[in-house]
Amino acid sequence: MSDSISSRLTPRAKWPIFIGMCLVAATIIYPLFFVVVTSLRSNVDYKRDPFGLPVDWTVTNYIELWDEYGVGRAFLNSLFVSTSAVAVILILATLAGYALAKLPVFGSKFFTATFVSVMLLPGPVLIIPIYLVLARLGIVGDYSGLILVYVATGLPFAIFFLTLTFKAIPDELLEAARVDGAGFFRTLWSIVGPMGASGIATLAVLQFLGTWNELIFALILVPDAQMRLLTPTLATIGKRFVSDQPLTSAGLFISALVPLLLLTFASKYIMRGLQVGLSR
Amino acid sequence: MRQSKLVGTLAVLPSFVIVAGFMAFPVMFAFYISFTKTNGLTYDWRGLDNYIAIFSDPIVHQVFLNNFKFLISVPLVIFSALVCSILLFEQFKGWKFFRVIFFLPNVLSVAVIGLIFRNAFGYDGAVNQFLGLFGNEPMQFFIDSNYSILIIILALVWSGFGYQSLLLLAGLTSINPAVFEAAAIDGAGWWRRLWSITLPNIRKVLGFVFIINILYTFASLFGFVFVITAGGPGYETTTIDFLVYLRAFSSNNLGSGAALAVLLFFFIGLLTLLQNRVFKLQKDD
């Protein structure tokens, strides 16, 4: 980038930009900071001085949510459903992506066209028929139905993404493996997997965020309160306890925790996914 | 060769079966349902009745109009994203860190973002507490439809501008730096370069961002509406996708909801076609 310095602003002119960007960043950070601080105080304390720091820091909101409103259970339910869905997506999309990228496939154009054409399908179109289909199969209120829906809605992009990733693997490597007598699964396991590892990791993070944050299917396909996932649980708590902001803030922080941790530790992968998302 | 062709096909098949069964088939099923009166158990063929009812339904008219009100968010998001991306492009100290911060709202659920805004504008929320510092009485923002719409728009802008500024930044980064240098040598100032090089060169990405914003306002406001206003007051903030949900699970005729979903499907399809055309036009020049 050093060769293009002449066409950029001088370092002195960059100071106002830096300060302006800090202000913009603050509009993102401050609301989250406010949520975290509010979640760590009592409602009385909040109403006395909402913008100051709490007089007594407390975790009672978290304990209350965990013990009385089933947030702990919902958290584990979400973890189970998201992990299962992502695992299935990764396995199926790796198989399909590898085949479409590197192997001859009967009617490969037809398969690709199907995956691409459903990729941009608006969610509202699906809710009624999917509900009816799952009801007919008798799996509404069962995690298998929800996981199946997450897999189906996640797969088209996952396959598109992994096909692109695997296309970058040199054919010579695969050919060498074939000459050595490696079969389909052996090649997949010892060459395609390791070579495409960072792409697979990126996909895993993106799909996990998607299923963890999903609201509408989680809401309608799992009506039983005992089995509720975290995002719909949070949405109902938020609507019920409008006047207890510290309590809802604690719920917000619990729901946001996993995505924020992922962003902190896997931002490299998330940022890489962004580039591919654009080329779509 | 024939053997590996079979292996390849078998590897794609499981994914295809799931996608066909739980995405492609439901869409066709939605078409069928939209011509019937159904409670999910029995299906009575009603022809175009559901569609005729929708076109003469004043609530649908109002809801469609509401969607257009939410379009105000589009220029706001794009303008803020554009300003941020141009400034990030200057690559000042720590710009990579800012990229991650700007992306932050994108990893959060719409339910989380929606509730942050609902809380902030609630009766004892941060906004009222702040106004209270100047001696103002707390306001009930959510009984006023204009405030309600503005709050949802604010949530849209807050959660959208960061990601979109990164999309635009990717577009800026792909401009050949030699063009900027040539302009700088010719004595073109910063503003002049912005106007005659930077902006024209990213018009393709701008077009893309424009379309995804419009698609988003028509098909993905469900989460925000659900947690922030629940469509109220009345139907003042109900969007089409939220109405599909309301009709589907609160009335005894799923057919009506399905017909609405099908219309939305065609509307979105039209916009997507339009997007493809715009892209094609720009590939040619």
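In the text below, chain A, chain B and the rest are named by the order of the sequence lines, each starting its count at 1.
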For [X], is it the side chain, the backbone, both, or neither that has a heavy atom closer than 4.5 Å to a heavy atom of chain B?
{"X": "A:F115", "result": "side chain"}
{"X": "A:A135", "result": "neither"}
{"X": "A:F110", "result": "side chain"}
{"X": "A:T114", "result": "side chain"}
{"X": "A:L234", "result": "both"}
{"X": "A:L257", "result": "neither"}
{"X": "A:I89", "result": "neither"}
{"X": "A:L32", "result": "side chain"}

Side chain, backbone, both or neither of [X] within contact of chain A (heavy atoms, under 4.5 Å):
{"X": "B:Y32", "answer": "neither"}
{"X": "B:L108", "answer": "both"}
{"X": "B:I240", "answer": "neither"}
{"X": "B:I33", "answer": "side chain"}

Between the side chain of B:W158 and the main-chain N/O of A:T27, is any donor-acceptor distance below 3.5 Å? yes
Backbone N/O of A:K47 and side chain of B:D124: donor-acceptor pair under 3.5 Å: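 Pair absent, no side-chain N/O of B:D124 close to backbone of A:K47.
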Distance (rounded to the nearest 0.5 Å) between [X] [atom1] and [Y] [atom2]:
{"X": "A:L121", "Y": "B:M23", "atom1": "CG", "atom2": "CE", "result": "5.0 Å"}
{"X": "A:F18", "Y": "B:W95", "atom1": "CZ", "atom2": "CH2", "result": "14.5 Å"}
{"X": "B:F161", "Y": "A:I28", "atom1": "CZ", "atom2": "CD1", "result": "4.0 Å"}
{"X": "A:R136", "Y": "B:F29", "atom1": "CZ", "atom2": "CZ", "result": "6.5 Å"}
{"X": "B:I101", "Y": "A:S267", "atom1": "CD1", "atom2": "OG", "result": "10.0 Å"}
{"X": "B:I116", "Y": "A:F253", "atom1": "CD1", "atom2": "CZ", "result": "11.0 Å"}

What residue, out of [options], has the most heavy-atom pairs lying under 4.5 Å from chain A?
{"options": "B:F242, B:F130, B:Y123", "answer": "B:F130"}
{"options": "B:S80, B:C84, B:A24", "answer": "B:C84"}
{"options": "B:V244, B:V100, B:I268, B:V110", "answer": "B:V100"}
{"options": "B:V262, B:V112, B:N119", "answer": "B:N119"}
{"options": "B:A20, B:G257, B:A258, B:A126", "answer": "B:A126"}
{"options": "B:N106, B:L104, B:D241, B:I212", "answer": "B:L104"}

So for atom OH, which belongs to A:Y30, do other residues, nucleotides or ligands contribute more than 12 heavy atoms lying within a distance under 6.0 Å?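 Counting other residues, nucleotides and ligands, OH of A:Y30 exceeds 12 neighbours.
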Within 6.0 Å of CZ in A:F51, more than 12 heavy atoms from elsewhere: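 Check passes, neighbour count above 12.
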Check whether any side-chain heavy atom of A:P31 sits under 4.5 Å from a side-chain heavy atom of B:F117, and report yes or no. no
What are the two closest non-hydrogen atoms of [X] and [Y], and how far apart are they?
{"X": "B:T9", "Y": "A:F106", "result": "OG1-N, 3.1 Å"}
{"X": "B:A261", "Y": "A:P124", "result": "CB-O, 3.9 Å"}
{"X": "A:A99", "Y": "B:G8", "result": "CB-O, 3.4 Å"}

Just give me the residue among [options] that pairs up with chain B most often, heavy atom to heavy atom, under 4.5 Å.
{"options": "A:G210, A:G154, A:A158, A:C22", "answer": "A:C22"}
{"options": "A:I159, A:L262, A:L95, A:L209", "answer": "A:L95"}
{"options": "A:V151, A:V149, A:L148", "answer": "A:L148"}
{"options": "A:L126, A:T38, A:L188", "answer": "A:L126"}
{"options": "A:L103, A:V35, A:V24", "answer": "A:V24"}
{"options": "A:I216, A:L92, A:V118, A:I130", "answer": "A:I216"}

May I ask you to check whether B:F22 and A:Y150 place their ring centers less than 6.0 Å from one another? no
Using distance only, find each side-chain donor-acceptor pair of residues 215-228 of chain B under 3.5 Å and give its atom names and separation, not counting sequence neighbours.
residue: B:T217; atom: OG1; partner: B:N213; partner atom: O; Å: 2.9
residue: B:T217; atom: OG1; partner: B:I214; partner atom: O; Å: 2.8

